[in-house]
Amino acid sequence: MNFKIALIRGDGIGPEIINETVKVIDKVGEKFGHAFEYIDVLMGGCATDAIGTSYPEGTAELCKSCDAVLLGAVGGPKWGSDRPAQERPETALLAIRKDLGLYANLRPAVLRPALIDACPLKRETAEQGIDLLMLRELTGGIYFGKRGRYQTEDRGVEATDLMAYSEKEIERIGRRAFEMARLRRKKVSSVDKANVLETSRLWRSVMHRLAEEYPDVAYEDVLVDNCAMQLMRDPGQFDVVVTENMFGDILSDEASMVTGSIGLLPSASMGDGAPALYEPIHGSAPDIAGQDKANPIATILSAAMMFRYSFQLGDEADVIEEAVDKALAAGWRTADIVNLGEAIVGTRRMGEVIRENI
Ligand code: IPM
Ligand code: MG
């Protein structure tokens, strides 16, 4: 089969990890007889430098003309919060999520068997295994609410960010959670702050209504602060964790570290139509950019998700995931997952070893 993939290489380590991943995709193509066409899409700080805006006109349309979008990372101190909105890479990231309607962000956190030693938790906790799916609402909440600053009479400048959720937005992400749980261990943990926030109370009531429609799926409410704690204490208890945009941003970083390193976790962002977008959950790591130090695994595993969800090619996805596990089992380690005394390889070598296992 033929597929067209939009590549957003982005900033920092983005281009390096995308390079390795493209070579993995091509290797899979060779092995299974698929052909890929890549369309380079300029977005992020690099776009600001080139043409003065992080989200060039036509970016969404270009992506929509493809079967899937693969993104490295965008951002960096060069384009910081002192810059106008249209020059900041984060503006582009939020815009593309919104324009492609990508409301469901899947962030699987899996403790890979070879990496038990990289897990910062107690050995007996790690040995119980971690295999959870963080499902983050991605196009609503405080990320997209009205915000602003205004001068007050007696309190100086005041700033505000509004968190809003509609029943419709909650229901569509909630349904995804239950549907996905049915394909896994049939448990949904819905994370909110219903003891304080009105948006959370609405969230919870919609989730309870859905839970009745899925009696075969176990359901629980978890307060967000408790969830942060439970992820440290006993992450093995979670199967599908569904939550709103900002809670999901924070908890997914925590979940990633529990599995060893943020350099390992892939993600898929989906809407109701094509294309979906695939990206590692980590950022552009400007401190190590261009030094062949970044871990390409999160991006390579994101490509595996692309095969599974956008191309409906589950065997190809399995092969990529197995190749990663084999490379790790054979002791290959990038700097972020290395233990004392182990040898370190760079981005390119890690990519090469993974391809050798395909
Ligand atoms: C993520 C990132 C982004 C987010 C930033 C870069 C805007 O942290 O994808 O998790 O907060 O969504
Ligand atoms: Mg984040």
Side-chain angles (χ1 to χ4, degrees), residues 8-14 17-18 43-48 53-55 59 63 69-109 132-145 147 161-163 165 169 173 191 224 227-228 231 241-259 261-271 276-287 289 294-295 297-299 301-302 305-306 336:
I8 302 174
R9 299 173 190 272
D11 311 314
I13 58 171
I17 54 183
I18 288 286
M43 190 187 105
C46 52
T48 299
T53 168
S54 63
Y55 192 59
T59 302
C63 291
V69 184
L70 184 65
L71 189 156
V74 296
K78 188 173 169 198
W79 312 279
S81 50
D82 53 323
R83 293 272 209 130
Q86 82 272 9
E87 295 181 11
R88 292 199 298 265
E90 292 76 11
T91 306
L93 195 56
L94 299 195
I96 191 116
R97 289 171 179 172
K98 195 72 170 180
D99 288 346
L100 298 182
L102 309 172
Y103 63 85
N105 182 212
L106 286 64
R107 299 188 160 188
L132 66 87
L133 177 66
M134 187 76 66
L135 185 57
R136 169 187 177 195
E137 200 291 325
L138 202 61
T139 53
I142 201 165
Y143 271 56
F144 292 92
R147 65 183 95 255
D161 296 275
L162 184 74
M163 170 157 4
Y165 266 108
E169 284 174 307
I173 189 76
V191 176
V224 63
C227 182
L231 279 170
V241 178
V242 62
T243 190
E244 67 89 35
N245 205 342
M246 187 164 67
F247 296 163
D249 177 44
I250 298 168
L251 292 175
S252 59
D253 270 31
E254 187 189 0
S256 76
M257 196 56 225
V258 166
T259 67
S261 163
I262 197 166
L264 298 166
L265 255 62
S267 85
S269 304
M270 303 172 177
L277 182 149
Y278 301 85
E279 59 172 320
I281 82 154
H282 62 69
S284 61
D287 54 322
N295 187 347
I297 289 181
T299 318
L301 291 175
S302 299
M305 293 183 88
M306 176 172 76
D336 56 319

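Both counts, for ligands and for their atoms, begin at 1 and track the order of listing. On a predicted model such as this, the values are computed, not experimentally measured, just so you know.
- In terms of protein heavy-atom proximity, atom 11 (O) of ligand 1 is closest to Tyr143 OH, 2.5 Å.
- Phe144 and Asn245 make their closest contact through CE1-ND2, 3.8 Å (heavy atoms, listed as atom of the first residue, atom of the second, distance).
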- request: Report the C-alpha distance between Ile250 and Val224 in whole Å, list the side-chain angles of each, state the deciding distance to 0.1 Å, and finish with yes or no for side chain to side chain contact (heavy atoms under 4.5 Å, CB included).
  value: CA-CA 10 Å; Ile250 298 168; Val224 63; over 6 Å; no
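- When non-hydrogen atoms are compared, ligand 1 lies under 4.0 Å from neither the backbone nor the side chain of Met246.
- By the 4.5 Å heavy-atom criterion applied to side chains, Val69 and Ile96 are not counted as neighbours.
- Short contacts between ligand 1 and Arg97, defined as distances under 4.0 Å to a heavy atom of the residue, involve ligand atoms 1 (C), 4 (C), 9 (O), 12 (O).
- The closest approach between a heavy atom of Arg88 and any atom of ligand 1 is not below 4.0 Å.
- For atom 10 (O) of ligand 1, the closest non-hydrogen atom on the protein side is Asp249 OD1, 2.9 Å.
- Looking at Arg107, His282, Glu90 and measuring to atom 1 (C) of ligand 1, the nearest heavy atom belongs to Arg107.
- No other N/O/S atom of Asp249 lies as close to the Mg ion (ligand 2) as OD1 does.
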field: side chain to side chain contact (heavy atoms under 4.5 Å, CB included) assessment of Arg97 paired with Asn105
entry: CA-CA 10 Å; Arg97 289 171 179 172; Asn105 182 212; 5.6 Å; no
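- What sits closest to atom 6 (C) of ligand 1 on the protein, heavy atoms only, is Leu93 CD2, 3.8 Å.
- A distance of 11.0 Å separates OH in Tyr143 from CG in Asp161, rounded to the nearest 0.5 Å.
- The list of salt bridge (charged side-chain N to carboxylate O under 4.0 Å, His left out) pairs with a residue in residues 79-95, not counting sequence neighbours, reads Arg83-Glu87.
- Glu279 does not count as a contact of ligand 1, since none of its heavy atoms falls under 4.0 Å from the ligand.
- Contact record, Ala276 with Met270: CB-CG, 4.0 Å, taken as the closest heavy-atom pair.
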